[in-house]
Novice: 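Here's a structure for you.
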Amino acid sequence: MANDRLLPQHVGIIMDGNGRWAKKRGLPRQAGHKVGASTFQKITRYCNKIGIQYLTVYAFSTENWKRPQEEVDAIMNLLRSFLKDAKNHRAENVKTHFIGDLTVLAPDIQEMMRDCERESAGFTGLTLNIAVNYGGRDEILQAAKRFAADAAAHKIVPDELTQAQFSSYLYTAGQPDVDLIIRPSGEMRLSNFLLWQAAYAEYVFMDTLWPDFNEKCLEKALEEFARRNRRFGGV
């Protein structure tokens, strides 16, 4: 890997296919989520190692509550395990940030999230955004409500609103827009992920199910990104 290669500054990953991976093996869906959680940690470490600055992973959407309660509980317990173990990985220097409507999560999860964010706030490596109870439309809606409240309080003049100012009301305030979105599992849709931030993102869709996704898969996506001609509406 050449140090001067073109890397995206911000990568987004839709971690999809855990359930199908388990079903193919005759296992409960929860088993797929457990292996998928291990894949997430492996890919996060690799992104940090190669110099990706921002990584946003789609862990649990606002629509995922519709899944069977047993599966939802298993996902939340995997999140608890990740949060409890976070203190053991301080040397990795990953700054962790949770995005989404976190207010509906269990109080113990919310508290551990706050602790994780606080303890990693000064880290200078990869910035990891974990999207939990996240939806792109909901994010834009909540941002619009916060802007409207500031306008009503005369903190901002509505006619002077710019795209950059509106971005400051999003969960990813202060971060660059996503450059590359990777979706494994064979599905070819955005599924309400980073709708505002992905305006000029490049997309790479892959047939590999998320539990089978590895460093070689990521490298293949990064190679594809480097071949793209990003004109941003220009010539």
Side-chain angles (χ1 to χ4, degrees), residues 8-16 40 52-67 72 75-76 79 83 94-118 120-121 126-183 187-205 230-234:
Q9 187 178 18
H10 189 166
V11 175
I13 302 179
I14 301 172
M15 304 186 295
D16 191 24
F40 149 67
I52 301 294
Q53 296 181 43
Y54 296 87
L55 173 64
T56 300
V57 296
Y58 208 178
F60 191 86
S61 77
T62 50
E63 290 74 37
N64 286 157
W65 297 106
K66 301 173 186 175
R67 295 186 176 189
V72 171
I75 293 171
M76 291 300 154
L79 178 57
L83 290 164
V94 172
K95 182 177 182 178
T96 306
H97 181 51
F98 295 91
I99 65 174
D101 180 6
L102 310 178
T103 61
V104 301
L105 301 176
D108 67 308
I109 291 179
Q110 292 186 52
E111 183 178 357
M112 285 190 287
M113 284 178 165
R114 288 191 292 268
D115 289 343
C116 186
E117 288 183 330
R118 183 171 56 250
S120 68
L126 171 76
T127 294
L128 170 65
N129 299 312
I130 303 177
V132 182
N133 194 34
Y134 173 89
R137 285 184 171 181
D138 185 65
E139 177 182 25
I140 294 170
L141 180 62
Q142 297 306 319
K145 288 180 178 179
R146 288 191 287 273
F147 166 75
D150 280 353
H154 305 292
K155 295 179 180 179
I156 190 171
V157 178
D159 288 345
E160 296 177 359
L161 179 66
T162 65
Q163 291 186 22
Q165 283 178 315
F166 190 77
S167 292
S168 72
Y169 288 91
L170 299 173
Y171 296 130
T172 54
Q175 301 182 15
D177 284 345
V178 65
D179 300 299
L180 168 65
I181 291 182
I182 303 168
R183 181 164 192 164
E187 303 291 354
M188 300 180 71
R189 56 179 177 270
L190 197 52
S191 294
N192 204 14
F193 182 55
L194 299 179
L195 298 182
W196 177 279
Q197 300 90 334
Y200 278 100
E202 299 293 327
Y203 297 91
V204 173
F205 299 100
R230 306 185 76 205
R231 297 183 298 276
F232 299 97

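All figures in this text were calculated on a predicted structure; none of them were measured in a lab.
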Novice: Quick one: side-chain contact (heavy atoms from CB on, under 4.5 Å) partners of T162, sequence neighbours excluded?
Specialist: A164, Q165
Novice: Compare every heavy atom of R183 with every heavy atom of R189, then report the nearest pair and how far apart it is.
Specialist: O-NH1, 2.8 Å
Novice: Listed by chain and number, what are the salt bridge (Lys or Arg N to Asp or Glu O under 4.0 Å) partners of R137, not counting sequence neighbours?
Specialist: none
Novice: Look up atom CG in D179 and atom NE2 in H10, then write down how far apart they are to the nearest 0.5 Å.
Specialist: 8.0 Å
Novice: Do D101 and Q142 have side-chain heavy atoms sitting under 4.5 Å apart?
Specialist: no
Novice: Going by heavy atoms in the side chains, are I52 and P8 under 4.5 Å from each other?
Specialist: yes
Novice: Within the 4.5 Å heavy-atom criterion, are F40 and I130 side-chain neighbours or not?
Specialist: yes
Novice: Which residues satisfy the side-chain hydrogen bond (donor to acceptor under 3.5 Å, both in side chains) test with E111, sequence neighbours excluded?
Specialist: none
Novice: Taking salt bridge (Lys or Arg N to Asp or Glu O under 4.0 Å) as the definition, give me every residue that meets it alongside D177, ordered by chain and number, with sequence neighbours left out.
Specialist: none
Novice: Side chains of residues 145-152: which donor-acceptor partners sit under 3.5 Å, not counting sequence neighbours?
Specialist:
| residue | atom | partner | partner atom | Å |
| --- | --- | --- | --- | --- |
| R146 | NE | Y169 | O | 3.4 |
| R146 | NH2 | Y169 | O | 2.5 |
| D150 | OD2 | Y169 | OH | 2.8 |

Novice: How would you list, by chain and number, every residue that makes a side-chain contact (heavy atoms from CB on, under 4.5 Å) with L105, sequence neighbours excluded?
Specialist: W65, M76, L102, I109, Q110, M113, V132
Novice: For C116 and L83, which heavy atoms make the closest approach, and how far apart are they?
Specialist: CB-CD2, 4.1 Å
Novice: I'd like to check the salt bridge (Lys or Arg N to Asp or Glu O under 4.0 Å) partners of R114; sequence neighbours left out, ordered by chain and number.
Specialist: none
Novice: Starting at CG of L128, measure out to CD1 of I99 and round the result to the nearest 0.5 Å.
Specialist: 9.5 Å
Novice: What closest approach, in Å, do Y54 and P176 show between heavy atoms, and which atom pair accounts for it?
Specialist: CE1-CD, 3.4 Å
Novice: Which residues pass the salt bridge (Lys or Arg N to Asp or Glu O under 4.0 Å) test with D115, not counting sequence neighbours?
Specialist: R118
Novice: Sequence neighbours excluded, which residues qualify as side-chain hydrogen bond (donor to acceptor under 3.5 Å, both in side chains) partners of S167?
Specialist: W196
Novice: Less than 4.5 Å apart, any side-chain heavy atom of T56 and any of V178?
Specialist: no
Novice: Can you list everything that forms a side-chain contact (heavy atoms from CB on, under 4.5 Å) with Q53? Sequence neighbours excluded, please.
Specialist: Q9
Novice: Going by the rule side-chain contact (heavy atoms from CB on, under 4.5 Å), which residues pair with S61 if we only count those two or more places apart in sequence or in a different chain?
Specialist: Y58, E63, N64
Novice: Residues in side-chain hydrogen bond (donor to acceptor under 3.5 Å, both in side chains) with T172, at least two apart?
Specialist: Q197
Novice: Quick one, F60 and V72 - any side-chain contact, counting heavy atoms below 4.5 Å?
Specialist: yes
Novice: Measuring from atom CD1 of I182 to atom CG of D16, what distance do you get when rounded to the nearest 0.5 angstrom?
Specialist: 13.5 Å
Novice: Any chance you could measure Y171, atom OH, to D138, atom CG, to the nearest 0.5 Å?
Specialist: 5.0 Å
Novice: Step by step, would you call Y134 with E139 a side chain to side chain contact (heavy atoms under 4.5 Å, CB included)?
Specialist: CA-CA 7 Å; Y134 173 89; E139 177 182 25; 2.5 Å; yes
